[in-house]
Number of protein chains: 2
Amino acid sequence: QNSDASNEPHTVKKSVLATYYHRKFEGRRTSSGAKYRAKKLTAAHRTLPFGTMITVTNPDNGKSVKVKVNDRGPFSRKLAIDLSESAAKEIGIYSKGVAKVKLSYTLE
Amino acid sequence: QNSDASNEPHTVKKSVLATYYHRKFEGRRTSSGAKYRAKKLTAAHRTLPFGTMITVTNPDNGKSVKVKVNDRGPFSRKLAIDLSESAAKEIGIYSKGVAKVKLSYTLE
(Lines give C-alpha, C1' and ligand atoms only; values in the text may rest on other atoms or scores of the structure.)
Protein backbone atom coordinates (compact mmCIF):
# COMPACT_ATOMS: atom_id res chain seq x y z
CA GLN A 1 0.00 0.00 0.00
CA ASN A 2 3.00 2.24 0.54
CA SER A 3 4.48 3.16 -2.81
CA ASP A 4 6.89 5.67 -1.29
CA ALA A 5 10.27 4.01 -1.53
CA SER A 6 12.01 6.46 0.81
CA ASN A 7 12.24 5.98 4.54
CA GLU A 8 10.96 9.49 5.23
CA PRO A 9 7.85 9.76 7.41
CA HIS A 10 4.91 10.76 5.23
CA THR A 11 1.32 11.67 5.91
CA VAL A 12 -1.56 9.66 4.48
CA LYS A 13 -4.99 11.24 3.97
CA LYS A 14 -8.08 9.36 2.84
CA SER A 15 -11.87 9.42 3.00
CA VAL A 16 -13.38 6.20 4.34
CA LEU A 17 -16.48 4.84 6.03
CA ALA A 18 -16.37 4.55 9.81
CA THR A 19 -18.44 2.63 12.34
CA TYR A 20 -18.07 2.46 16.10
CA TYR A 21 -18.06 -0.13 18.83
CA HIS A 22 -21.30 -1.35 20.32
CA ARG A 23 -21.63 -0.88 24.10
CA LYS A 24 -21.39 -4.61 24.67
CA PHE A 25 -17.66 -4.56 23.88
CA GLU A 26 -16.84 -2.63 27.07
CA GLY A 27 -14.07 -4.45 28.93
CA ARG A 28 -13.45 -7.04 26.23
CA ARG A 29 -9.95 -7.80 25.07
CA THR A 30 -8.81 -6.07 21.87
CA SER A 31 -6.36 -7.64 19.41
CA SER A 32 -3.52 -5.65 20.99
CA GLY A 33 -4.24 -7.21 24.38
CA ALA A 34 -5.60 -4.00 25.97
CA LYS A 35 -9.23 -4.00 27.11
CA TYR A 36 -11.70 -1.94 25.10
CA ARG A 37 -12.84 1.10 27.08
CA ALA A 38 -15.65 3.19 25.58
CA LYS A 39 -14.29 6.33 27.25
CA LYS A 40 -10.87 6.09 25.64
CA LEU A 41 -10.06 7.48 22.21
CA THR A 42 -9.13 4.30 20.37
CA ALA A 43 -9.86 2.61 17.04
CA ALA A 44 -9.74 -0.67 15.18
CA HIS A 45 -8.01 -0.75 11.80
CA ARG A 46 -7.17 -3.65 9.47
CA THR A 47 -3.47 -3.10 9.07
CA LEU A 48 -1.97 0.00 10.73
CA PRO A 49 0.51 -0.80 13.52
CA PHE A 50 -0.89 -0.70 17.06
CA GLY A 51 -0.09 2.68 18.55
CA THR A 52 -0.55 4.60 15.29
CA MET A 53 -2.35 7.90 15.95
CA ILE A 54 -5.07 8.75 13.42
CA THR A 55 -6.81 12.10 13.14
CA VAL A 56 -10.44 11.40 12.21
CA THR A 57 -12.49 14.29 10.85
CA ASN A 58 -16.22 14.51 10.25
CA PRO A 59 -16.53 16.51 7.00
CA ASP A 60 -20.15 17.45 7.83
CA ASN A 61 -19.17 19.57 10.84
CA GLY A 62 -15.39 19.85 10.65
CA LYS A 63 -14.91 18.27 14.08
CA SER A 64 -11.92 16.02 14.52
CA VAL A 65 -10.54 13.63 17.11
CA LYS A 66 -7.20 11.87 17.47
CA VAL A 67 -7.47 8.13 18.13
CA LYS A 68 -4.91 5.43 18.83
CA VAL A 69 -5.10 2.13 16.92
CA ASN A 70 -5.28 -0.73 19.46
CA ASP A 71 -7.48 -3.28 17.71
CA ARG A 72 -8.09 -5.06 14.40
CA GLY A 73 -11.30 -4.53 12.45
CA PRO A 74 -13.87 -3.66 11.18
CA PHE A 75 -14.89 -7.21 10.41
CA SER A 76 -17.17 -8.39 7.66
CA ARG A 77 -20.70 -9.20 8.76
CA LYS A 78 -21.17 -11.62 5.89
CA LEU A 79 -17.96 -13.63 6.14
CA ALA A 80 -16.78 -15.64 9.14
CA ILE A 81 -13.48 -17.21 8.15
CA ASP A 82 -10.51 -16.63 5.85
CA LEU A 83 -8.70 -19.84 4.90
CA SER A 84 -5.08 -20.21 3.85
CA GLU A 85 -4.54 -21.10 0.21
CA SER A 86 -3.67 -24.72 1.08
CA ALA A 87 -6.74 -25.15 3.24
CA ALA A 88 -9.01 -23.70 0.55
CA LYS A 89 -7.49 -26.02 -2.07
CA GLU A 90 -7.81 -29.05 0.17
CA ILE A 91 -11.59 -28.75 0.35
CA GLY A 92 -11.97 -27.60 -3.24
CA ILE A 93 -13.13 -24.01 -2.79
CA TYR A 94 -10.04 -22.28 -4.14
CA SER A 95 -11.04 -20.20 -7.19
CA LYS A 96 -14.63 -19.96 -5.97
CA GLY A 97 -14.05 -16.65 -4.15
CA VAL A 98 -16.67 -17.17 -1.49
CA ALA A 99 -18.09 -20.53 -0.43
CA LYS A 100 -20.48 -21.86 2.16
CA VAL A 101 -18.68 -24.16 4.58
CA LYS A 102 -19.39 -25.88 7.88
CA LEU A 103 -17.24 -25.12 10.89
CA SER A 104 -16.77 -27.40 13.86
CA TYR A 105 -14.59 -26.60 16.86
CA THR A 106 -14.40 -27.31 20.54
CA LEU A 107 -14.36 -24.61 23.20
CA GLU A 108 -12.88 -25.31 26.61
CA GLN B 1 -21.96 -16.02 22.29
CA ASN B 2 -21.44 -18.91 24.68
CA SER B 3 -24.66 -19.55 26.57
CA ASP B 4 -23.34 -22.73 28.19
CA ALA B 5 -22.72 -21.83 31.80
CA SER B 6 -20.70 -24.95 32.61
CA ASN B 7 -16.96 -25.20 32.19
CA GLU B 8 -17.20 -28.41 30.17
CA PRO B 9 -15.60 -28.38 26.74
CA HIS B 10 -18.33 -28.31 24.12
CA THR B 11 -18.37 -28.51 20.36
CA VAL B 12 -19.74 -25.71 18.20
CA LYS B 13 -21.03 -26.40 14.69
CA LYS B 14 -22.17 -23.73 12.27
CA SER B 15 -22.57 -22.99 8.57
CA VAL B 16 -20.83 -19.80 7.45
CA LEU B 17 -19.34 -18.11 4.41
CA ALA B 18 -15.61 -18.53 3.86
CA THR B 19 -13.07 -16.69 1.77
CA TYR B 20 -9.34 -17.25 1.45
CA TYR B 21 -6.15 -15.26 1.46
CA HIS B 22 -4.91 -13.65 -1.70
CA ARG B 23 -1.41 -14.69 -2.81
CA LYS B 24 -0.05 -11.25 -1.99
CA PHE B 25 -0.29 -11.97 1.75
CA GLU B 26 2.51 -14.55 1.59
CA GLY B 27 5.07 -13.74 4.26
CA ARG B 28 3.09 -10.92 5.82
CA ARG B 29 2.63 -10.73 9.55
CA THR B 30 -0.68 -12.08 10.92
CA SER B 31 -2.37 -10.68 14.03
CA SER B 32 -0.84 -13.49 16.12
CA GLY B 33 2.65 -12.41 15.09
CA ALA B 34 3.33 -15.48 12.90
CA LYS B 35 3.92 -14.90 9.19
CA TYR B 36 1.19 -15.99 6.79
CA ARG B 37 2.31 -19.02 4.78
CA ALA B 38 0.03 -20.15 1.93
CA LYS B 39 1.18 -23.75 2.39
CA LYS B 40 0.16 -23.98 6.03
CA LEU B 41 -3.33 -24.88 7.17
CA THR B 42 -4.32 -21.72 9.00
CA ALA B 43 -7.28 -19.36 9.19
CA ALA B 44 -8.38 -15.89 10.26
CA HIS B 45 -11.39 -15.60 12.55
CA ARG B 46 -12.91 -12.57 14.32
CA THR B 47 -12.91 -13.84 17.87
CA LEU B 48 -11.72 -17.44 18.43
CA PRO B 49 -8.51 -17.68 20.48
CA PHE B 50 -5.32 -18.09 18.47
CA GLY B 51 -4.46 -21.78 18.35
CA THR B 52 -8.08 -22.96 18.15
CA MET B 53 -8.38 -25.86 15.70
CA ILE B 54 -11.39 -25.64 13.36
CA THR B 55 -12.60 -28.44 11.11
CA VAL B 56 -13.88 -26.82 7.91
CA THR B 57 -16.09 -28.91 5.64
CA ASN B 58 -17.24 -28.20 2.10
CA PRO B 59 -20.85 -29.49 2.04
CA ASP B 60 -20.76 -29.77 -1.76
CA ASN B 61 -18.15 -32.54 -1.78
CA GLY B 62 -17.86 -33.61 1.88
CA LYS B 63 -14.14 -32.79 2.00
CA SER B 64 -12.83 -31.34 5.23
CA VAL B 65 -9.63 -29.79 6.52
CA LYS B 66 -8.42 -28.90 9.99
CA VAL B 67 -7.04 -25.35 10.30
CA LYS B 68 -5.44 -23.44 13.15
CA VAL B 69 -6.64 -19.89 13.92
CA ASN B 70 -3.61 -17.55 13.79
CA ASP B 71 -5.09 -14.32 12.46
CA ARG B 72 -7.99 -11.89 12.80
CA GLY B 73 -10.43 -11.36 9.94
CA PRO B 74 -12.21 -11.44 7.54
CA PHE B 75 -12.36 -7.68 7.32
CA SER B 76 -15.09 -5.55 5.84
CA ARG B 77 -14.39 -4.22 2.37
CA LYS B 78 -16.71 -1.28 2.86
CA LEU B 79 -15.58 -0.09 6.27
CA ALA B 80 -12.08 1.03 7.21
CA ILE B 81 -12.22 2.04 10.87
CA ASP B 82 -14.15 1.29 14.06
CA LEU B 83 -14.11 4.18 16.54
CA SER B 84 -14.53 3.96 20.30
CA GLU B 85 -17.77 5.38 21.65
CA SER B 86 -16.04 8.50 22.97
CA ALA B 87 -14.29 9.16 19.68
CA ALA B 88 -17.54 8.74 17.71
CA LYS B 89 -19.35 11.14 20.06
CA GLU B 90 -16.58 13.70 19.89
CA ILE B 91 -17.00 14.16 16.14
CA GLY B 92 -20.77 13.81 16.22
CA ILE B 93 -21.27 10.52 14.38
CA TYR B 94 -22.51 8.46 17.32
CA SER B 95 -26.05 7.22 16.55
CA LYS B 96 -25.42 7.50 12.81
CA GLY B 97 -24.31 3.89 12.45
CA VAL B 98 -21.99 4.44 9.51
CA ALA B 99 -20.44 7.77 8.56
CA LYS B 100 -18.00 9.07 6.00
CA VAL B 101 -14.90 10.46 7.71
CA LYS B 102 -11.45 11.67 6.72
CA LEU B 103 -8.39 9.94 8.12
CA SER B 104 -4.97 11.47 8.43
CA TYR B 105 -1.93 9.70 9.87
CA THR B 106 1.81 9.64 9.50
CA LEU B 107 3.79 6.54 8.58
CA GLU B 108 7.44 6.26 9.54
Side-chain angles (χ1 to χ4, degrees), chain A residues 2 9-21 31 38-46 48 52-59 61 63-65 67 72-76 78-88 90-94 98-108, chain B residues 2 9-21 31 38-46 48 52-59 61 63-65 67 72-76 78-88 90-94 98-108:
Chain A
N2 175 9
H10 60 287
T11 299
V12 178
K13 288 172 190 281
K14 47 177 76 171
S15 287
V16 303
L17 290 179
T19 45
Y20 44 83
Y21 286 76
S31 298
K39 293 201 171 171
K40 294 200 172 173
L41 301 176
T42 60
H45 188 278
R46 252 169 291 226
L48 286 173
T52 302
M53 300 301 298
I54 306 180
T55 301
V56 185
T57 304
N58 178 354
N61 59 20
K63 286 185 180 175
S64 68
V65 64
V67 296
R72 292 288 169 234
F75 296 109
S76 169
K78 271 176 47 189
L79 309 172
I81 194 166
D82 264 340
L83 299 174
S84 69
E85 189 175 321
S86 283
E90 202 152 314
I91 59 171
I93 67 164
Y94 194 73
V98 175
K100 189 177 269 186
V101 297
K102 288 180 182 175
L103 304 186
S104 169
Y105 51 89
T106 300
L107 291 177
E108 302 287 318
Chain B
N2 174 9
H10 59 286
T11 299
V12 177
K13 287 172 191 281
K14 48 178 73 171
S15 287
V16 303
L17 290 179
T19 45
Y20 43 83
Y21 286 76
S31 297
K39 294 202 170 169
K40 294 201 172 173
L41 300 177
T42 59
H45 189 277
R46 252 171 291 225
L48 287 174
T52 301
M53 299 301 298
I54 306 180
T55 301
V56 185
T57 306
N58 178 353
N61 59 18
K63 286 186 181 176
S64 68
V65 64
V67 296
R72 293 287 169 237
F75 295 108
S76 169
K78 271 176 46 190
L79 308 172
I81 193 167
D82 264 339
L83 298 174
S84 69
E85 190 175 321
S86 282
E90 202 151 315
I91 59 171
I93 66 163
Y94 193 74
V98 176
K100 189 177 269 184
V101 297
K102 289 181 182 172
L103 305 186
S104 169
Y105 50 90
T106 300
L107 292 177
E108 301 287 318

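Below, all heavy atoms of this structure are taken into account, side chains as well, without hydrogens, waters or symmetry copies.
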With only heavy atoms counted, which part of A:Ser15 is less than 4.5 Å from chain B, the side chain, the backbone, both or neither?
both

Under a 4.5 Å heavy-atom cut-off, does chain B meet the side chain of A:Ala88, its backbone, both or neither?
side chain

Per-residue tally against chain B (heavy atom, under 4.5 Å) across A:Ala43, A:Ala38, A:Ser31 peaks at A:Ala38

Hey, what's the ring geometry for A:Tyr105 with B:His45, parallel, tilted or perpendicular (30° and 60° as the breaks)?
perpendicular

Spacing of CD belonging to A:Glu85 relative to OG1 belonging to B:Thr42, to within rounding of 0.5 Å:
11.0 Å

Cut-off 4.5 Å, heavy atoms of chain B, and the answer for A:Lys40 is backbone

Nearest-0.5 Å distance that lies between atom CG in B:Leu17 and atom CG in A:Leu79:
6.0 Å

With a 4.5 Å cut-off on heavy-atom pairs, point out which of B:Ile93, B:Asn61, B:Val65 contacts chain A the most.
B:Val65

So CG of B:Leu48 and CD1 of A:Ile81: to nearest 0.5 Å the spacing works out to 8.0 Å

Heavy-atom pairs under 4.5 Å with chain B: which of A:Ile54, A:Val56, A:Leu41, A:Leu103 has the most?
A:Leu103

Cut-off 4.5 Å, heavy atoms of chain A, and the answer for B:Thr19 is both

Proximal component of A:Val98, with respect to chain B [non-hydrogen, under 4.5 Å]:
both

From B:Ser84 OG over to A:Lys39 NZ, what is the distance, rounded to the nearest 0.5 angstrom?
12.0 Å

How long is the gap from OG on B:Ser64 to CD on A:Glu90, to the nearest 0.5 Å?
8.5 Å

Which one wins on heavy-atom pair count under 4.5 Å against chain A: B:Pro74, B:Ala87, B:Ala44?
B:Pro74

Which portion of A:Thr52 sits near chain B, non-hydrogen atoms under 4.5 angstrom
side chain

In short, A:Arg46 meets B:Ala80 closest at the heavy-atom pair NH2-CA, 3.2 Å

Contact winner vs chain A - B:Thr57, B:Asp82, B:Thr106, heavy-atom pairs under 4.5 Å
B:Asp82

For B:Val67, which atoms come within 4.5 Å of any heavy atom of chain A: side chain, backbone, both, or neither?
side chain

How far apart are the closest heavy atoms of A:Gly92 and B:Asn58, and which atoms are they?
O-ND2, 4.0 Å

